[in-house]
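Note that the structure is a prediction, hence the values are computed from the model and not measured.
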Amino acid sequence: MFFVSTRDKEDKVTPSQGILKGLADNSGLYVPHRIPKLDISIDRLSDMTYQEVAYEVMKLYFTDFTEDELKSCINNAYDDKFDTKEIAPIVNKDNAFFLELFHGPTIAFKDMALSILPYLMITSARKNDVNDDIVILTATSGDTGKAALAGFAGVDGTKIVVFYPNGGVSRIQELQMVTTKGDNTKVVAVEGNFDDAQTSVKKIFTDKALAEAIGKKGYRFSSANSINIGRLIPQVAYYVYSYSQLVAREEISNGDLINICVPTGNFGNILAGYYAKKMGIPIAKLICASNENKVLYDFFETGIYNKNREFVLTNSPSMDILISSNLERLIHLSCGMDSAQNLELMNDLAWDGSYQITDEMKKNLKDFYGGFASQEETCLKIREMYDKTGYVMDTHTAVAKCVYDKYVNETGDNTKTIIASTASPFKFTRSVMSAIDSKYDSMDDFTLVDELSSIGGLKIPQAIEDIRNADIRHNNKCKIEEMEEAVVSFLQ
């Protein structure tokens, strides 16, 4: 297996090289030169642990890792830092299977990949005789930041800088980041939105003069965003695992089709589901759920991607994104991996803020269905689910459930469906509790935590207890144009 850039077919790297670089030259993203088929039966997978399934998936992509190296990365990542033995348990509620991806150390789905990325990266560095310190640069819409910080804090040979939109994340998300310990960590609030921050990070990555300057000081940049294949590929594993578990529980028979519904911002999570489908998992529809920043919904409806619109701050902030970076990987597939055609479209996006795919490319996206939910609909769905079942969803999962219900009503398709539950309700306590009852509006954040625990019969996650009285360690703010300076000053 090798990986190629979506913008230059001649830019080929080994898996470990792709993990180290993060972003390809020309701002392209690395993709596998082919999507491999699973070489083990679903019946055998259904008898395996999460760690064993993860190995069967990742070994097909990370082919320059030895068996011992890859298993060591997996076993170090998926251990008792997760609060359930299953790692990703499945809960059956209201005619859907909620794949709970938030049982890791930062109570969001980003833990599923960011718990393993540091191990993949350090192993990759050794394999490629890299002695420089690896500097992780990450823009976050809320969850990636803390998950990356948790993974890399205190790891020898690494430093990590996280940028987040000031005022654009929940208070719990912000506290999780700004209380992070570790001399190798820096957290910066940016006066701008996530798209602004992510675009600036990409520019820093492709600044050759800066790369040369920090290289002389013994540093090299890499990414913990889902633009890194070391983030994307581990996410494929939980879709393979969830299907095999439905078979093991006799909820479906081996070979039965399922749908998956994913609350979507940067498009990495749902793209991982598409990779699982291409690997042989019987997935029919991939339901892409957006909030009021519905650029993806409009794209799947029209074939036109247009970011020229108002940016809306919503109660599902991790999805407040207008430039869905990982969509480029799907576009690249839909045009037959034609890097020249893909580059032309991405240049259109950079210059004009929009692009239009061909009718043939649109046909290649027929497996996807786009839907969106307003903030009001999201709140109503949280309350409806709680009143009906006692199950408490976070705002992002509620967007997905809302879109899924719309899909069933519109199509009559009752195929059994996995909904990716991407965050604990404790991460968005204020929005969740206000949706359930307006009497909670006046309470402070940690009183709301206790109330949520009480009404939902839920144990308060350690991640929340850890920040109750934690000291603020990062008070940094900057403008978008000052991000590079913030990185350089940290390295000095």
Side-chain angles (χ1 to χ4, degrees), residues 2-13 18 21-33 35 137-139 141 192-208 211 221-223 225-229 231-232 264-272 274-275 288 290 293-309 311 319 321-365 368 370 480 483:
F2 58 88
F3 287 76
V4 298
S5 169
T6 53
R7 303 189 186 187
D8 181 1
K9 66 181 179 181
E10 301 304 320
D11 183 353
K12 300 177 181 179
V13 295
K21 285 190 71 174
L23 189 69
D25 297 333
N26 235 9
S27 293
L29 307 184
Y30 285 119
V31 292
H33 78 277
I35 297 179
L137 296 185
T138 292
S141 56
N193 61 42
F194 169 75
D195 291 328
D196 297 330
Q198 181 166 251
T199 298
S200 185
V201 165
K202 286 184 176 181
K203 286 180 180 177
I204 295 172
F205 273 123
T206 54
D207 186 331
K208 293 183 179 179
F221 289 134
S222 191
S223 172
N225 282 87
S226 53
I227 57 177
N228 192 313
I229 59 164
R231 266 282 308 277
L232 177 65
T264 308
N266 217 20
F267 208 77
N269 200 358
I270 195 167
L271 181 68
Y274 187 63
Y275 274 36
C288 178
S290 299
N293 292 288
K294 58 187 184 70
V295 63
L296 288 167
Y297 166 77
D298 292 338
F299 170 71
F300 285 117
E301 285 287 298
T302 66
I304 299 171
Y305 192 96
N306 189 345
K307 74 177 184 68
N308 298 316
R309 62 184 70 202
F311 185 92
M319 299 161 64
I321 294 172
L322 294 180
I323 304 176
S324 299
S325 291
N326 272 290
L327 184 65
E328 180 173 345
R329 286 182 163 118
L330 181 64
I331 297 300
H332 184 252
L333 281 172
S334 73
C335 65
M337 299 186 75
D338 183 335
S339 58
Q341 185 177 1
N342 179 73
L343 177 59
E344 184 178 341
L345 293 171
M346 295 307 117
N347 283 338
D348 288 344
L349 181 65
W351 296 332
D352 304 323
S354 68
Y355 61 79
Q356 182 169 1
I357 63 174
T358 66
D359 289 342
E360 185 63 29
M361 290 170 68
K362 195 173 181 183
K363 287 179 185 175
N364 292 335
L365 304 180
F368 287 86
I480 291 295
M483 287 173 58

| task | Show the numbers, then the answer: is there a side chain to side chain contact (heavy atoms under 4.5 Å, CB included) between Phe368 and Leu296? | result | CA-CA 11 Å; Phe368 287 86; Leu296 288 167; over 6 Å; no
| request: Before giving the answer on side chain to side chain contact (heavy atoms under 4.5 Å, CB included), spell out for Ile480 and Ser200 the whole-Å C-alpha distance, their side-chain angles and the decisive distance to 0.1 Å. | output: CA-CA 7 Å; Ile480 291 295; Ser200 185; 4.2 Å; yes
| task | Check step by step if side chain to side chain contact (heavy atoms under 4.5 Å, CB included) holds for Ile357 and Ile331. | result | CA-CA 8 Å; Ile357 63 174; Ile331 297 300; 3.9 Å; yes
| said: Pair Val4, Val31 - check side chain to side chain contact (heavy atoms under 4.5 Å, CB included), show working. | reply: CA-CA 5 Å; Val4 298; Val31 292; 3.8 Å; yes
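Taking each heavy atom of Gly370 and Tyr297 in turn, the nearest pair found is O-CD1, 3.3 Å. Residues Phe205 and Ser222 approach most closely at CZ-O, 3.2 Å, considering heavy atoms. Scanning all heavy atoms of the two residues, the minimum distance from Lys12 to Phe2 falls at CD-CE1, 3.7 Å. Of all heavy-atom pairs between Tyr355 and Asp348, the closest is CB-CB, 4.0 Å. In plain terms, the two heavy atoms of Ser334 and Leu365 that are nearest each other are CB-CD2, 3.8 Å. Nearest heavy-atom pair across Ile321 and Asn266 is CD1-N, 3.7 Å.
With rounding to the nearest 0.5 Å, the separation of CD1 in Ile323 from CZ in Phe311 is 10.0 Å. Here the straight-line distance linking atom CZ of Arg231 with atom CD1 of Ile229 works out to 13.0 Å at 0.5 Å rounding. Note: Thr6 OG1 to Leu330 CG = 12.0 Å, rounded to the nearest 0.5 Å. One distance of note links NZ of Lys203 with OG of Ser27; it measures 10.0 Å at 0.5 Å rounding. With rounding to the nearest 0.5 Å, the separation of CG in Leu29 from CD1 in Ile227 is 6.5 Å. Between Leu271 atom CG and Tyr275 atom OH the span is 5.0 Å, to the nearest 0.5 Å.
Remark: the backbone N or O of Asn193 is paired with a side-chain donor or acceptor of Asp196 at under 3.5 angstrom. Ser324 places a side-chain N or O within donor-acceptor distance of the main-chain N or O of Gly265, the cut-off being under 3.5 Å. Side-chain atoms of Lys307 never come within 3.5 Å of backbone atoms of Ala350 as a donor-acceptor pair (strictly under, hydrogens ignored). Side-chain atoms of Asn26 do not come within 3.5 Å of backbone N or O of Gly28 as any donor-acceptor pair.
Sorted by first and then second residue, the salt bridge (Lys or Arg N to Asp or Glu O under 4.0 Å) pairs involving residues 325-336 (not counting sequence neighbours) are Arg7-Glu328.
The shortest distance between side-chain heavy atoms of Val201 and Met483 falls below 4.5 Å. For the pair Gln341/Glu344, no side-chain contact is recorded, criterion being any heavy-atom separation below 4.5 Å from C-beta on. Inter-residue side-chain proximity for Thr206 and Lys202 is flagged as unmet; no heavy-atom pair is nearer than 4.5 Å.
Atom CG of Asn308 is surrounded by more than 12 heavy atoms from other residues, nucleotides or ligands within 6.0 Å.
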